[in-house]
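Encoded as structure tokens, the structure appears first; notes follow it.
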Amino acid sequence: MLNGNIAALLYLTSGVLFILALRGLSSPETARQGNRFGVIGMAIAGATTLLYQLPWGFSSFFWVLVAIGIGGSIGVWRARTIQMTAMPQLVALFHALIGLAAVLVAASALYAPQGFGLGVSGSMHGTTLFEMSLGAAIGAITFTGSVIAFLKLDGRMSGNPILLPNRHVINIGLGLLLAVFIFAFIPTEAHLVFWLIVLVSFALGVLLIVPIGGADMPVVISMLNSYSGWAAAAVGFTLANLALIITGALVGSSGAILSYVMCKGMNRSFISVILGGFGGDTAAPPSSGEAEERPPVKQGSADDAAKILLAAKKVIVVPGYGMAVAQAQHALREMGDILKSKGIDVKYAIHPVAGRMPGHMNVLLAEANVPYDEVFELEEINPEFSGADVAFVIGANDVTNPAAKTDSSSAIYGMPILDVENAKDVLFVKRGLGSGYAGVENELFFRNNTTMLFGDAKKMVDGIVKAMS
Amino acid sequence: MATEVDPQMLDKIQAATQAARHAAETAQAYADQIAAGASAASGGAIDPFIFRLAIFVLAVVVGYYVVWSVTPSLHTPLMSVTNAISSVIVVGALLSAGVDASVGEGSGTARVFGFLALTLASVNIFGGFLVTERMLSMFRKKG
């Protein structure tokens with residue numbers, strides 16, 4: 001019913017609304033408005049397609065409603081009940097769904113091209129078939145890759161890198177096989193070859209993600225975000241749909257930028273992350289032979305920590321993944337409130353790769369009602385450590401390690417760190433003396449002005465709160 | 001009393017429908033002209049694929065600048081909202097689900113795929129936007 005040109009203009013409109021949705025995120029004040037633009041854009045895209053497809057047969061329309069009903073309820077339920085600490089898993093799962101949807105839409109277009117205005121089965125354009133196979137391949141890689149990322153993030157699978165022998169050879173072989181299948185598919189349009197493409201891509205997705213360790217997850221999840229965008233764009237090219245092409249391009253570049261930011265936050269090259277093998281959940285043992293030279297660490301109790309904190313004028317809190325694991329964010333905010341009520345200046349410092357996905361710590365602190373103008377990024381806060389009386393490090397380690405600046409032989413050398421060493425006193429809340437993901441010893445633990453608070457982060461902070469009041 | 005319809009009201013409704021139809025026709029005419037113009041400008045010689053590619057490349061550039069302007073503290077919502085908007089793949093899913101059963105032997109299979117894709121995309125549309133909204137509502141200023 002809708003004219004094709006009008007439909008195209010409406011799709012363009014929703015593409016522009018999606019750009020505005022991302023633009024809104026430049027500040028927390030405009031972010032919710034941006035999200036609404038996104039919703040409107042989606043509504044326009046959906047409505048346009050429904051109108052364009054008129055007249056709908058009763059049974060088709062019925063099934064459309066059923067699908068939206070089932071999917072929508074699952075989506076609403078997950079969005080309402082998910083714990084903020086589990087956001088990385090949820091996002092990984094959502095990436096998987098987009099990937100699989102891309103595969104299904106591409107398959108559908110292959111089986112009934114007439115329904116998409118792509119010509120007749122058996123005589124589709126070469127370009128169309130190329131775009132279709134590309135969409136299916138990237139979608140399939142995104143799907144299995146994201147499922148693996150989900151399993152790792154959710155702790156259903158070990159976060160340790162799984163290193164197959166000759167994995168690079170296997171991956172290159174599969175990549176070549178994929179290219180061969182795609183070139184075999186274009187002239188033949190054979191359904192079997194299409195499914196072989198999907199199958200090889202499924203395998204490739206698994207093999208690409210299993211060797212990547214837990215600490216590199218922020219990069220992986222950003223990368224899969226990017227892939228899901230490219231998959232959507234490829235499907236958009238197949239269907240000649242502007243909304244999909246624009247959105248795919250936006251999401252693809254967004255994920256790529258986030259991957260870059262994360263890599264920079266760890267001073268690692270994107271290639272070395274992809275090649276994998278770095279950063280398991282259980283750290284490598286510290287290099288042998290040095291153990292006996294270490295001076296003893298100064299241990300403290302919650303009472304000691306409370307005294308040190310209450311004597312301070314300025315406290316900077318450095319949260320890390322350990323805080324998320326222990327769900328200590330609410331107790332931490334309580335502690336901050338008490339300190340603030342005593343006139344002590346409290347700020348929060350976030351390292352770019354703290355947590356398991358970009359910006360994860362900010363969301364957890366926001367959830368615990370920490371105002372966002374007390375939370376600072378690395379570049380903003382680093383000069384302030386020298387004026388701080390206490391740096392309170394909770395569940396973070398590598399991101400504070402001065403070895404990144406001084407020891408060129410260290411695995412984390414060159415990584416930007418939070419300069420907690422400049423504070424008068426440093427409190428470390430940690431489960432034990434183990435080294436971080438990078439397997440690097442933190443010399444800060446052994447300094448005179450450092451007090452180690454061993455224990456579960458939440459219990460420890462609860463203890464400090466109790467000791468203060 | 002429910003059966004009595006004000007004839008004036010009826011006239012108004014008819015006029016409104018006619019106006020709407022007229023507006024739609026005008027819009028269609030304009031859109032057709034723009035499309036014809038675009039095609040004429042290219043002498044009809046440029047493959048429509050190139051136009052799509054141009055839009056794609058421009059969108060990548062726009063995306064690049066827009067995403068760099070996103071504040072790092074909102075990177076998680078950025079990820080969930082890009083996730084939500086990628087579910088515009090629902091457009092493809094709807095087309096698949098609505099494939100006319102009479103077009104050929106593959107249409108049944110295509111519709112099953114469409115149904116599944118539509119279900120998955122719906123999870124993302126509702127889940128993605130809602131969870132983003134939930135996160136953003138947590139970000140508060142000091143006060």
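Numbers restart at 1 for each chain; the letters A, B, ... are given by sequence-line order, proteins then strands.
For A/S228 and B/N83, the side-chain atoms include no donor-acceptor pair closer than 3.5 Å. Side-chain N/O atoms of B/R111 and A/S60 include a donor and acceptor closer than 3.5 Å.
Heavy-atom pairs under 4.5 Å with chain A were tallied for B/V62, B/V57, B/T109; the largest tally goes to B/T109. Put simply, of A/L110, A/V91, A/I98, the one with the most heavy-atom pairs under 4.5 Å next to chain B is A/I98. For chain B, the option among A/I19, A/L22, A/L100 with the highest count of heavy-atom pairs below 4.5 Å is A/L22. For the set B/V90, B/L116, B/V61, B/V70, the count of heavy-atom pairs under 4.5 angstrom toward chain A peaks at B/V70. Considering only heavy-atom pairs separated by less than 4.5 Å from chain B, the leading option among A/V105, A/L250, A/L97, A/L25 is A/L25. Ranked by heavy-atom pairs shorter than 4.5 Å toward chain B, the options A/A232, A/A107, A/A256 are led by A/A107. Chosen from B/S122, B/P48, B/G106, B/S137, the residue pairing most often with chain A at heavy-atom distances under 4.5 Å is B/S122. Looking only at heavy-atom pairs under 4.5 Å with chain B, the residue among A/Y372, A/W63, A/F376 that has the most is A/Y372. Considering only heavy-atom pairs separated by less than 4.5 Å from chain A, the leading option among B/I89, B/L130, B/V66, B/V81 is B/I89. With chain A as the partner, the residue from B/G128, B/G127, B/S80, B/G63 showing the most heavy-atom pairs under 4.5 Å is B/G127. For the set A/H191, A/M361, A/R80, A/H360, the entry with the most heavy-atom pairs within less than 4.5 Å of chain B is A/R80. Counting heavy-atom pairs closer than 4.5 Å to chain A, the top residue among B/L74, B/N124, B/V112, B/L94 is B/N124.
Neither the backbone nor the side chain of A/V375 comes within contact range of chain B; no heavy atoms are under 4.5 Å apart. For B/L58, no part lies under 4.5 angstrom from a heavy atom of chain A. Interface remark: A/N35 contributes backbone and side-chain atoms alike to the contact with chain B (heavy atom separation under 4.5 Å). Proximity to chain B (any heavy atom under 4.5 Å) is shown, for A/I245, by both the backbone and the side chain. Neither the backbone nor the side chain of A/S14 comes within less than 4.5 Å of any heavy atom of chain B. With a 4.5 Å cut-off on non-hydrogen atoms, A/Y260 touches chain B through its side chain but not through its backbone. Using a 4.5 Å cut-off between heavy atoms, B/A97 contacts chain A through both its backbone and its side chain. With a 4.5 angstrom heavy-atom cutoff, A/V261 touches chain B only via side-chain atoms. For B/I125, the part sitting under 4.5 Å from any heavy atom of chain A is the side chain, from C-beta outward, and nothing else. Proximity to chain B is absent for every atom of A/T128, based on heavy atoms less than 4.5 angstrom apart. Using a 4.5 Å cut-off between heavy atoms, A/S73 makes no contact with chain B at all. Looking at A/L12, neither its backbone nor its side chain comes within 4.5 Å of chain B, counting heavy atoms on both sides. With a 4.5 angstrom heavy-atom cutoff, A/F61 does not touch chain B via any of its atoms. For A/E367, the parts sitting under 4.5 Å from any heavy atom of chain B are the backbone and the side chain alike. Only the side chain of A/F116 comes within less than 4.5 Å of a heavy atom of chain B; its backbone N, CA, C and O stay farther away. In this structure, the portion of A/L239 lying under 4.5 Å from any heavy atom of chain B is its side chain and not its backbone. The parts of A/A240 that come within reach of chain B are both its backbone and its side chain, each placing non-hydrogen atoms under 4.5 angstrom from that chain.
The aromatic rings of B/F49 and A/F237 are tilted relative to each other, their planes meeting at an angle between 30° and 60°.
Using modelled atom types, no side-chain atom of B/S69 and backbone atom of A/S26 make a donor-acceptor pair closer than 3.5 Å.
Taking CD1 of A/I74 as the reference point, atom OG1 of B/T119 lies at 8.0 Å (rounded to 0.5 Å). Note that CE of B/M79 and CE of A/M87 are 10.0 Å apart. Values are rounded to the nearest 0.5 Å. We find the OG-CG distance between B/S86 and A/N225 to be 6.5 Å, quoted to the nearest 0.5 Å. Note that the CZ atom of B/F56 and the CD1 atom of A/I246 stand 11.5 Å from one another [nearest 0.5 Å]. B/H75 NE2 to A/M262 CE: the interatomic distance, rounded to the nearest 0.5 Å, is 6.5 Å. Distance check: A/I82 CD1 to B/M135 CE gives 10.0 Å after rounding to the nearest 0.5 Å.
Residue-environment remark: CZ (A/R23) stays at or below the threshold of 12 foreign heavy atoms within 6.0 Å.
Closest of all the heavy-atom pairs between A/G115 and B/V99 is CA-CG2, 4.1 Å. In terms of heavy atoms, A/R32 sits closest to B/L136 at CG-CB, 3.6 Å. The two atoms that bring B/R134 and A/A79 nearest to each other are NH1-O, 2.7 Å, heavy atoms only. The shortest non-hydrogen separation linking B/V88 to A/A45 is CG2-CB, 3.7 Å. Residues A/N362 and B/S73 share a closest heavy-atom pair of ND2-CB, 3.1 Å. For B/R140 against A/N369, the heavy-atom pair with the smallest separation is NH1-OD1, 2.8 Å.
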| query | Hey, mind stepping through B/F139 and A/V363 against side-chain contact (heavy atoms from CB on, under 4.5 Å) and telling me if it holds? | reply | CA-CA 8 Å; B/F139 280 83; A/V363 171; 4.2 Å; yes
| request: Decide yes or no on side-chain contact (heavy atoms from CB on, under 4.5 Å) for B/F115 and A/V64, but give the supporting numbers first. | output: CA-CA 7 Å; B/F115 175 79; A/V64 163; over 6 Å; no
